[in-house]
Amino acid sequence: MDEAALRGWLARASGDDALRITALTRLSGGAIQQNWALDVEVAGQALRWVLRTDAPAVLAVSHTRPQEFALLRAAREAGVTVPAPLFLCEDPAVIGRPFFVMARVEGIAAPHRVVKDATLGGGREACVAALGRELARIHAIRPPRADLDFLGDPQADAALAAIGGLRARLDAAGTPRPVLEWGLRALERKAPAPLPPVLCHNDFRTGNIMLDAQGVAAVLDWEFAGWGDPHADLGWFCAKCWRFGQVAQEAGGIGPRDAFLAGYGRPVDAARLPWWELLATIRWAVIAADQAARHLSGQERSLELALTGHMVPELEWDVLAMAEAL
């Protein structure tokens, strides 16, 4: 990264020609985007920011950084706990690709730590109730929204559209996945009726939520957000694949499902949740296979991406069990 070019751009964006970068360090995680810890001195004040930009190879379904910046602004205006979006650069000449800068939030997001620490977020029940409230604020954002017009018009049937999208990705990958195809067919046969669309985060799960001792510090990673059925986010958060070994804690491996839904506080059709949890499991299997393909193709050599592909067989076992019970 060209630190001199970045410093010059930040100086102009912040209005302080004397701005200094005191530290710039790549953060761990971020299989789809890159995050950099950015320490600066502005007007004599030490500030801690995060620079977020594209990874060398990105998923086609991921939003661009300008679009994610707009989503962060909309979420913050709706009262969702997100890092303050500060500056957006759409000029790839500065660091080689577009990026945005947001305030750095302190807390813990690493899922293996979150699910094992019963004190985070004020305790397990309090924590998942607070997460339910955050999700309700997200779902209060509804179309039409001129600032989110890049999301397009909502699908007439979010459930069938989700099935079609996953089937298309399986076809494009070219690797036979009969268990996942079978699961999609089971979903297709029992698809729920459409509901009025809301903004779905579409990756609201343990690992994308930063917690501290008091509660939710930030909801992160908005690159998949779009209009959809609110049960999609509920099912994604509660799916077994996102409990990180704490299977008994049905809300993200953190706490009980009932406390999470109570915090959500909006009408929930419990009969829809198994359907969306199965779809979540298939979707994660498709994403895991896609991430492994990024490594195998040579686009982005990464042990993390390679190991992600090894999750697919276990997810397929879950698909078989869940589809049978649907």
Side-chain angles (χ1 to χ4, degrees), residues 30-33 54-65 67-68 71 150-192 194 197 199-205 207-208 221-229 231-233 235-237 239-242 275-302 304-320 322-323 326:
I32 298 172
Q33 314 301 338
D54 295 338
V58 298
L59 295 179
V61 294
S62 173
H63 292 310
T64 66
R65 303 292 63 72
Q67 291 169 345
E68 191 178 7
L71 284 159
F150 56 86
L151 296 178
D153 294 329
Q155 297 283 350
D157 190 318
L160 293 182
I163 293 169
L166 291 174
R167 186 168 282 145
R169 287 172 67 179
L170 287 172
D171 291 345
T175 301
R177 303 277 182 191
V179 171
L180 302 185
E181 294 282 2
W182 186 75
L184 288 174
R185 179 57 182 148
L187 288 171
E188 197 170 44
R189 293 175 60 192
K190 298 187 178 181
L199 182 67
C200 291
H201 182 281
N202 284 332
D203 204 11
F204 189 92
R205 61 169 176 86
N208 284 340
D221 295 352
W222 290 76
E223 66 260 44
F224 300 124
W227 306 123
D229 185 320
H231 295 79
D233 275 342
W236 185 253
F237 185 71
K240 179 185 173 185
C241 55
W242 295 123
W275 193 95
W276 284 103
E277 287 179 41
L278 173 56
L279 186 128
T281 307
I282 297 173
R283 179 181 166 218
W284 175 221
V286 172
I287 293 172
D290 283 350
Q291 290 191 352
R294 287 162 60 193
H295 169 79
L296 293 170
S297 69
Q299 281 183 300
E300 185 178 355
R301 290 295 186 183
S302 163
E304 179 183 1
L305 294 178
L307 291 175
T308 300
H310 286 277
M311 298 179 181
V312 176
E314 182 180 353
L315 292 166
E316 289 179 332
W317 277 113
D318 289 337
V319 168
L320 289 170
M322 295 168 74
L326 193 62

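All heavy atoms count here, side chains included; hydrogens, waters and symmetry mates do not.
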To the nearest 0.5 Å, what is the distance between CG (Asn208) and CG (Asp203)? 4.5 Å
Which residues pass the side chain to side chain contact (heavy atoms under 4.5 Å, CB included) test with Glu314, sequence neighbours left out? none
Criterion side-chain contact (heavy atoms from CB on, under 4.5 Å) on Leu166 and Leu279, from CA distance to verdict: CA-CA 9 Å; Leu166 291 174; Leu279 186 128; 4.2 Å; yes
Please report the closest heavy-atom contact between Cys241 and Leu315, naming both atoms and the distance. CB-CD2, 3.6 Å
Using 0.5 Å steps for rounding, measure from the CD atom of Glu277 to the CH2 atom of Trp242. 13.5 Å
If we only count heavy atoms from C-beta on, is the Asp54 to Thr64 side-chain gap below 4.5 Å? no
Tell me whether Lys190 contacts the main-chain N or O of Leu326 through its side chain, where contact means a donor paired with an acceptor under 3.5 Å. yes
Check: Ile287 and Gln291 side chains under 4.5 Å, non-hydrogen atoms: yes
Quick one: list whatever passes side chain to side chain contact (heavy atoms under 4.5 Å, CB included) with Asp171, sequence neighbours left out. Arg167, Glu181
Heavy-atom pair with the smallest gap, counting every atom of Gly174 and Pro176: O-CD, 3.7 Å
Applying side chain to side chain contact (heavy atoms under 4.5 Å, CB included) to Ala280 and not counting sequence neighbours gives Trp236, Ala239
What heavy-atom pair brings Trp275 and Ala191 nearest, and what distance separates the two atoms? NE1-CA, 3.5 Å
With heavy-atom distances below 4.5 Å as the criterion, would you say the side chains of Ser62 and Phe224 are in contact? yes
I'd like to check the salt bridge (charged side-chain N to carboxylate O under 4.0 Å, His left out) partners of Asp221; sequence neighbours left out, ordered by chain and number. Arg52
Considering all heavy atoms, the nearest Ala288-Val312 contact: CB-CG2, 3.9 Å
Inter-residue atom distance Trp276.CH2 - Thr281.OG1, 0.5 Å rounding: 13.0 Å
Closest heavy-atom contact between Asp153 and Trp227? C-CD1, 4.4 Å
What are the two closest non-hydrogen atoms of Gly183 and Leu278, and how far apart are they? O-CD2, 4.4 Å
Residues at least two apart in sequence or cross-chain that pass side chain to side chain contact (heavy atoms under 4.5 Å, CB included) with Val179, listed by chain then number, are Glu316, Val319, Leu320
Checking Asn202 now: which residues fulfil side chain to side chain donor-acceptor pair (under 3.5 Å) with it, not counting sequence neighbours? none
So how far is it from Phe150 CZ to Leu71 CG, rounded to the nearest 0.5 Å? 4.0 Å
Would you compute the distance between atom NE2 of His63 and atom CH2 of Trp222 and round it to the nearest 0.5 angstrom? 10.5 Å
Side chain proximity check, Gln67 to Glu223, heavy atoms < 4.5 angstrom: no
Distance from Leu170 atom CG to Leu184 atom CG, nearest 0.5 Å? 6.0 Å
